[in-house]
Amino acid sequence: MYRKGYGIIETLAPLHVGATAGEESGNLNPIFRDSFLRTGIIPGSSLRGRFRSQMRLQRQIWLEKALKERKIDTPDSREIKVEGEKEPLTRLHWLQKQATELKIEPDLEIDENFWYGKTAATDASDTTSEAMVKFEYASLLWLPVFCPGQPIVWVSSPKLLKRYQRLAGESVTLKDGKKLKEISGSQIDRLVYSGSQTLKALNVEGKKKLFFNFGFLELAKGMTDLSAWFPLGEELPAVVVADDEIGAIHDMALYRQSRVRLKDDEKRVDGGGFFNTEALPEGTIMVFPVAIRQKAPQHWQPFGKGKQISEIYLGGLESIGFGNCEITLKGM
């Protein structure tokens, strides 16, 4: 049995989480996409890996402090040679070895192997353990798109809204006292071509329209209250489009950049070191579910005690201006 919650990701910089090997083509480095809508996703394994590394760092800091209090000198190097060991130990393994010998045990709250599963030893695949915390993939909820005269409009579609409803429907209360989960699927489908209350649409020949790069989009359903569909509390200028249209708009909105790797000794491209990369733009809002096993003896607090919001880097390009996000956990 599991307790269920969910997380909200707001990108503070372009976000690139690489595609599978089969999707890489030539020098194009695309993002992962949903199989049906072709919109960006973050795999659950990527989320789990990032949360694991966050907690591993917390444990390392705790061990360093605990050993320092015992007057144990800790080397600065990342790999430490130990007598009797074939290979140098990583800094974290060395700290853990010292702590074990002194019978110092970190709290379960910062034990990444307990919460996210123990990884297998190289020669013993049966040493893994089941994770206490499960992640599914993060899907788009709202995608910011450049729109002349606005200048940004957040776009979603019924399928994306329905996934958010499935995850958060129990915990979000509407202004009339009903729960988000009580909105029927047909009501969500009728939101197509509706704008939010904060959207200032153009008036073209008596009709409310938005102008995107591909042409005019008419708000045939007018403006409506979409505040319940914004999990961070602010109703942004937004429009809901059809599921068969969101993919094309999504590709139009992606952040794209060409990059080169130069030779070490001269200002020339190093062989095949030229590639294009794409990313979800800054301001994207995504949602992902989290399940925690009921038998977990402690609360899962990945950002520290009592913290439900944290700024965190996702993806592998964080050193060159990608991946900075704010994650908000709800319903834990």
Side-chain angles (χ1 to χ4, degrees), residues 4-15 17 39-42 44 47 50-51 54 135-147 150-183 188 191 194-200 223-241 246 249-250 253 255 279-290 300-304 306-315 322-332:
K4 295 180 180 177
Y6 62 99
I8 303 297
I9 299 172
E10 181 185 18
T11 61
L12 305 178
L15 172 63
V17 177
T39 51
I41 65 169
I42 301 175
L47 292 171
R50 189 61 189 85
F51 275 84
Q54 183 86 0
F135 295 90
E136 280 184 32
Y137 70 92
S139 64
L140 274 183
L141 179 55
W142 293 103
L143 178 73
V145 180
F146 171 69
C147 183
Q150 295 293 325
I152 303 171
V153 172
W154 277 259
V155 180
S156 190
S157 79
K159 187 173 186 297
L160 298 175
L161 296 178
K162 287 174 184 176
R163 185 169 190 263
Y164 172 62
Q165 183 195 38
R166 179 171 68 82
L167 304 180
E170 185 66 45
S171 56
V172 175
T173 303
L174 308 177
K175 291 178 179 176
D176 59 4
K178 294 181 179 178
K179 295 289 186 183
L180 187 66
K181 69 174 185 178
E182 296 178 48
I183 297 178
I188 297 174
L191 290 176
S194 295
S196 67
Q197 299 172 121
T198 53
L199 183 66
K200 296 178 181 177
M223 309 305 183
T224 189
D225 182 1
L226 295 176
S227 57
W229 300 101
F230 285 91
L232 299 177
E234 182 184 7
E235 186 179 11
L236 298 167
V239 63
V240 180
V241 301
I246 186 73
I249 296 174
H250 169 271
Y255 178 94
L280 291 166
E282 175 185 338
T284 301
I285 299 173
M286 308 182 80
V287 58
F288 63 95
V290 181
W300 178 58
Q301 301 183 92
F303 304 142
K307 289 185 66 178
Q308 297 296 309
I309 302 175
S310 181
E311 202 169 307
I312 198 169
Y313 276 87
L314 295 172
F322 286 71
N324 190 22
C325 300
E326 184 175 86
I327 297 184
T328 304
L329 298 176
K330 297 194 174 190
M332 301 298 168

Value rounded to 0.5 Å, distance of CD1 in I9 from CD1 in I285: 11.5 Å
field: Heavy-atom side-chain proximity of E10 to T328 below 4.5 angstrom
entry: no
message: Please find the pair of heavy atoms, one from L174 and one from A228, that lie closest to each other, and give the distance.
response: CD2-CB, 3.2 Å
query: Would you say Y164 and V172 make side-chain contact, with heavy atoms under 4.5 Å?
result: yes
Minimum side-chain heavy-atom gap L141-L161 below 4.5 Å: yes
query: Taking the six-membered ring for Trp, are W300 and F51 parallel (under 30°), tilted (30 to 60°) or perpendicular (over 60°)?
result: tilted
- prompt: Rounded to the nearest 0.5 Å, how far does CH2 of W229 lie from OG1 of T224?
  reply: 11.0 Å
Residue pair I246, L140: steps toward the side-chain contact (heavy atoms from CB on, under 4.5 Å) verdict: CA-CA 11 Å; I246 186 73; L140 274 183; 5.7 Å; no
query: Quick one: are P144 and T284 in side-chain contact, heavy atoms under 4.5 Å?
result: yes
query: Got a second to check how far I249's CD1 is from T39's OG1, nearest 0.5 Å?
result: 11.5 Å
field: Distance, nearest 0.5 Å, that separates CG of D225 from CG of D176
entry: 10.0 Å
task: Please confirm whether the backbone N or O of P281 pairs with a side-chain atom of T11, one donor and one acceptor, at under 3.5 Å?
output: yes
message: Could you report the tightest heavy-atom contact between P289 and E136, atom names first, then the distance?
response: CG-CB, 3.2 Å
query: Got P231 and V287 here, is their nearest side-chain heavy-atom distance under 4.5 Å?
result: no
- prompt: Donor-acceptor pair, Q150 side chain versus P237 backbone, under 3.5 Å?
  reply: no
message: Could you report the tightest heavy-atom contact between M286 and I41, atom names first, then the distance?
response: CE-CA, 4.0 Å
- prompt: Does Y137 have R163 sitting over its ring (NZ/CZ under 6.0 Å from centre, angle to axis within 45°)?
  reply: yes
statement: Taking every heavy atom of L167 against every heavy atom of F288, the minimum-distance pair comes out as CD1-C, 4.1 Å
field: L314 versus C325, closest heavy-atom pair with distance
entry: CD1-SG, 4.0 Å
- prompt: Can you name the nearest heavy-atom pair linking V240 to P158, along with the distance?
  reply: CG1-CD, 4.0 Å
- prompt: So, does T198 use its side chain to make a donor-acceptor pair with the main chain of L236 at under 3.5 Å?
  reply: yes
- prompt: For G306, does its backbone N or O pair with a side-chain atom of Q301 as donor and acceptor, under 3.5 Å?
  reply: yes
field: Side-chain touch W142/L232, heavy atoms, less than 4.5 angstrom
entry: no
- prompt: Taking the side chain as C-beta and beyond, is there a heavy-atom pair between W154 and S196 under 4.5 Å?
  reply: no
field: Candidate pair N324 and E282, rule side-chain contact (heavy atoms from CB on, under 4.5 Å), full reasoning
entry: CA-CA 9 Å; N324 190 22; E282 175 185 338; over 6 Å; no
message: Under a 3.5 Å distance rule, please check whether Q165 uses its side chain to pair with a backbone N or O of L180 as donor and acceptor.
response: yes
query: If you round to the nearest 0.5 Å, how far is OG of S157 from CG of L191?
result: 11.0 Å
- line: Separation between NZ (K330) and CD (Q308), nearest 0.5 Å, reads 10.5 Å
- prompt: Are side-chain N/O atoms of K178 and T173 paired as donor and acceptor at under 3.5 Å?
  reply: no
field: Note, L143 side chain near L160 side chain (heavy atom, < 4.5 Å)
entry: no
